[in-house]
Novice: 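Questions regarding the structure given below will be posed in turn.
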Amino acid sequence: MSAPDAYLTVPGPGVHETEVNRSRFVCALDPVATEAEAAAVVARERERHPGASHHCWAYVLGADGAVRKASDDGEPGGTAGLPMLQMLTRRELRCVVAVVSRYFGGTKLGAGGLIRAYGAAVGTALDTIGTVTRTRYRLATVTVDHQRAGKLENELRARGHVVREVAYGSAVTLTTALPGGDLDAFAAWLADATAGTAALEPGGDWYGEDRPGTGW
């Protein structure tokens with residue numbers, strides 16, 4: 001299965017709180033790339049809310065959403081983590097973790113009430129925090145002499161293209177991101193811009209903010 005051209009995620013860490021029958025549901029949303037990062041967010045929320053009765057979570061990882069996991073953390077089975085996960089997938093979110101810390105308000109909500117409350121906690125948090133589109137790029141590393149490096153970097157940025165990293169050594173190495181993976185067109189432009197003196201090494205996929213640039 002080929003990688004998707006774009007996916008939706010949250011723009012950054014965010015928190016939103018809802019209340020149902022005096023129970024507080026504090027939902028934290030974070031963009032994450034790995035299960036280790038998701039676990040770190042869950043651990044962080046446990047530390048932030050030591051008085052909460054439950055810390056339920058769900059995450060969807062991979063641009064294709066291939067990894068999907070959830071936990072009820074002691075709530076009745078299927079009443080917390082699953083509706084949270086269903087909300088993330090229904091909204092077509094990727095590379096995101098949701099953690100809902102519940103402070104029990106003294107009134108039992110029942111299975112249906114819990115399902116609605118946990119799902120709504122994630123849904124309203126997404127409505128409040130918003131989403132962003134991450135677009136697939138093809139990474140490329142360019143090695144060029146110091147004399148041409150500054151002009152090349154400025155030209156890339158002026159055209160609206162992403163320059164992810166610049167490293168200085170005996171030569172200068174720039175890592176850029178090519179929209180649409182247009183490696184051939186970029187190679188031709190680079191040869192012309194540097195009089196054929198730059199070396200180009202193709203890289204893998206990277207997802208970033210949608211910045212189409214002005215072409216080559």
Side-chain angles (χ1 to χ4, degrees), residues 1 3-136 206-210:
M1 183 177 179
D5 291 333
Y7 66 83
L8 283 177
T9 190
V10 291
V15 179
H16 183 71
E17 181 176 329
T18 55
E19 184 175 325
V20 180
N21 289 348
R22 296 190 298 277
S23 278
R24 294 168 52 210
F25 295 83
V26 184
C27 180
L29 293 170
D30 281 69
V32 291
T34 66
E35 293 196 73
E37 290 181 7
V41 173
V42 176
R44 182 197 71 199
E45 293 306 302
R46 289 185 185 280
E47 291 181 4
R48 285 182 175 176
H49 300 281
S53 54
H54 304 279
H55 300 88
C56 306
W57 53 263
Y59 59 74
V60 180
L61 302 181
D64 57 356
V67 179
R68 305 179 182 191
K69 293 185 179 180
S71 169
D72 296 312
D73 192 41
E75 293 281 31
T79 64
L82 181 59
M84 291 169 62
L85 181 62
Q86 288 174 333
M87 182 61 68
L88 293 177
T89 56
R90 187 180 308 143
R91 298 286 188 93
E92 298 184 338
L93 271 292
R94 303 289 185 263
C95 301
V96 63
V97 59
V99 184
V100 175
S101 300
R102 180 193 180 193
Y103 290 85
F104 181 56
T107 301
K108 292 185 178 181
L109 302 181
L114 287 173
I115 290 171
R116 289 188 294 273
Y118 277 101
V122 175
T124 55
L126 287 170
D127 291 339
T128 302
I129 295 165
T131 60
V132 293
T133 299
R134 300 298 183 194
T135 300
R136 182 164 60 98
W206 171 74
Y207 287 84
E209 180 184 351
D210 187 14

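Atom set for the values below is all heavy atoms of this structure, side chains included, hydrogens, waters and symmetry mates excluded. Worth saying up front: this structure is predicted, and the values here are computed from it rather than measured.
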Novice: Working to the nearest 0.5 Å, report the span between CD of E75 and CG of L109.
Specialist: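 Answer rounded to 0.5 Å: 8.0 Å.
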
Novice: Any sub-3.5 Å donor-acceptor pair from T18's side-chain atoms to A121's backbone N or O?
Specialist: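 The answer is no, because no donor-acceptor pair under 3.5 Å joins these two groups.
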
Novice: So which atom in G65 and which in V60 form the shortest heavy-atom distance, rounded to 0.1 Å?
Specialist: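 In terms of heavy atoms, the two residues are closest at CA-CG1, 3.7 Å.
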
Novice: Using atom types as modelled, flag every donor-acceptor pair under 3.5 Å from a side chain in residues 6-15 to any protein atom, sequence neighbours excluded.
Specialist:
from: T9; atom 1: OG1; to: R94; atom 2: O; distance (Å): 2.9
from: T9; atom 1: OG1; to: C95; atom 2: O; distance (Å): 3.1

Novice: Of the non-hydrogen atoms in V122 and C27, which two are nearest, and what is the gap between them?
Specialist: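 Taking every non-hydrogen atom into account, CA-SG, 3.9 Å.
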
Novice: Heavy-atom count around R91 CZ within 6.0 Å, excluding the residue itself: above 12?
Specialist: yes

Novice: Report yes or no: does D73 contribute a side-chain atom to a donor-acceptor pair with the main-chain N or O of H54 at less than 3.5 Å?
Specialist: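 Such a contact is absent between D73 side chain and H54 backbone.
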
Novice: Do Y207 and P4 come close enough that some side-chain heavy atom pair is under 4.5 Å?
Specialist: yes

Novice: Using 0.5 Å steps for rounding, measure from the CG atom of L61 to the OG1 atom of T34.
Specialist: 7.0 Å

Novice: side-chain contact (heavy atoms from CB on, under 4.5 Å) between L114 and R102: does it pass, once the steps are laid out?
Specialist: CA-CA 10 Å; L114 287 173; R102 180 193 180 193; 3.4 Å; yes

Novice: If you compare all heavy atoms of D72 against all heavy atoms of A80, which two are closest, and at what distance to 0.1 Å?
Specialist: OD1-N, 3.1 Å

Novice: If the plane angle is over 60° it's perpendicular, under 30° parallel, otherwise tilted; pick one for H49 and H55.
Specialist: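 Aromatic pair H49/H55 classed tilted.
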
Novice: Run the numbers on R68 and L85 for side-chain contact (heavy atoms from CB on, under 4.5 Å), then give the verdict.
Specialist: CA-CA 8 Å; R68 305 179 182 191; L85 181 62; 4.1 Å; yes

Novice: Do V132 and E209 have side chains that approach each other closer than 4.5 Å (heavy atoms only, starting at C-beta)?
Specialist: no

Novice: Tell me, please, which residues at least two apart from A38 pass side-chain contact (heavy atoms from CB on, under 4.5 Å).
Specialist: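 Per chain and number, A38 pairs via side-chain contact (heavy atoms from CB on, under 4.5 Å) with V32, Y59, V97.
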
Novice: Quick one: CG on L88 to CG on L29, what's the gap to the nearest 0.5 Å?
Specialist: 7.0 Å

Novice: At their closest point, which heavy atom of Y118 faces which heavy atom of T79, and how far apart are they?
Specialist: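 Shortest heavy-atom separation between Y118 and T79 comes out as CD1-O, 3.6 Å.
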
Novice: Once rounded to the nearest 0.5 Å, what's the spacing between atom CG of D5 and atom OG1 of T133?
Specialist: 12.0 Å

Novice: Using salt bridge (Lys or Arg N to Asp or Glu O under 4.0 Å) as the criterion, list what pairs up with E17, not counting sequence neighbours.
Specialist: R24

Novice: Let me confirm one number: the OG-OH distance from S23 to Y103, rounded to the nearest 0.5 Å.
Specialist: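 Interatomic distance, S23 OG to Y103 OH, rounded to 0.5 Å: 12.0 Å.
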
Novice: Just wondering, more than 12 heavy atoms not from E35 lying within 6.0 Å of its CD?
Specialist: yes

Novice: Could you report the tightest heavy-atom contact between W57 and M84, atom names first, then the distance?
Specialist: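 Shortest heavy-atom contact: CA-CE, 3.7 Å.
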
Novice: How far apart are the closest heavy atoms of R44 and A28, and which atoms are they?
Specialist: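 Taking every non-hydrogen atom into account, NH2-CB, 4.1 Å.
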
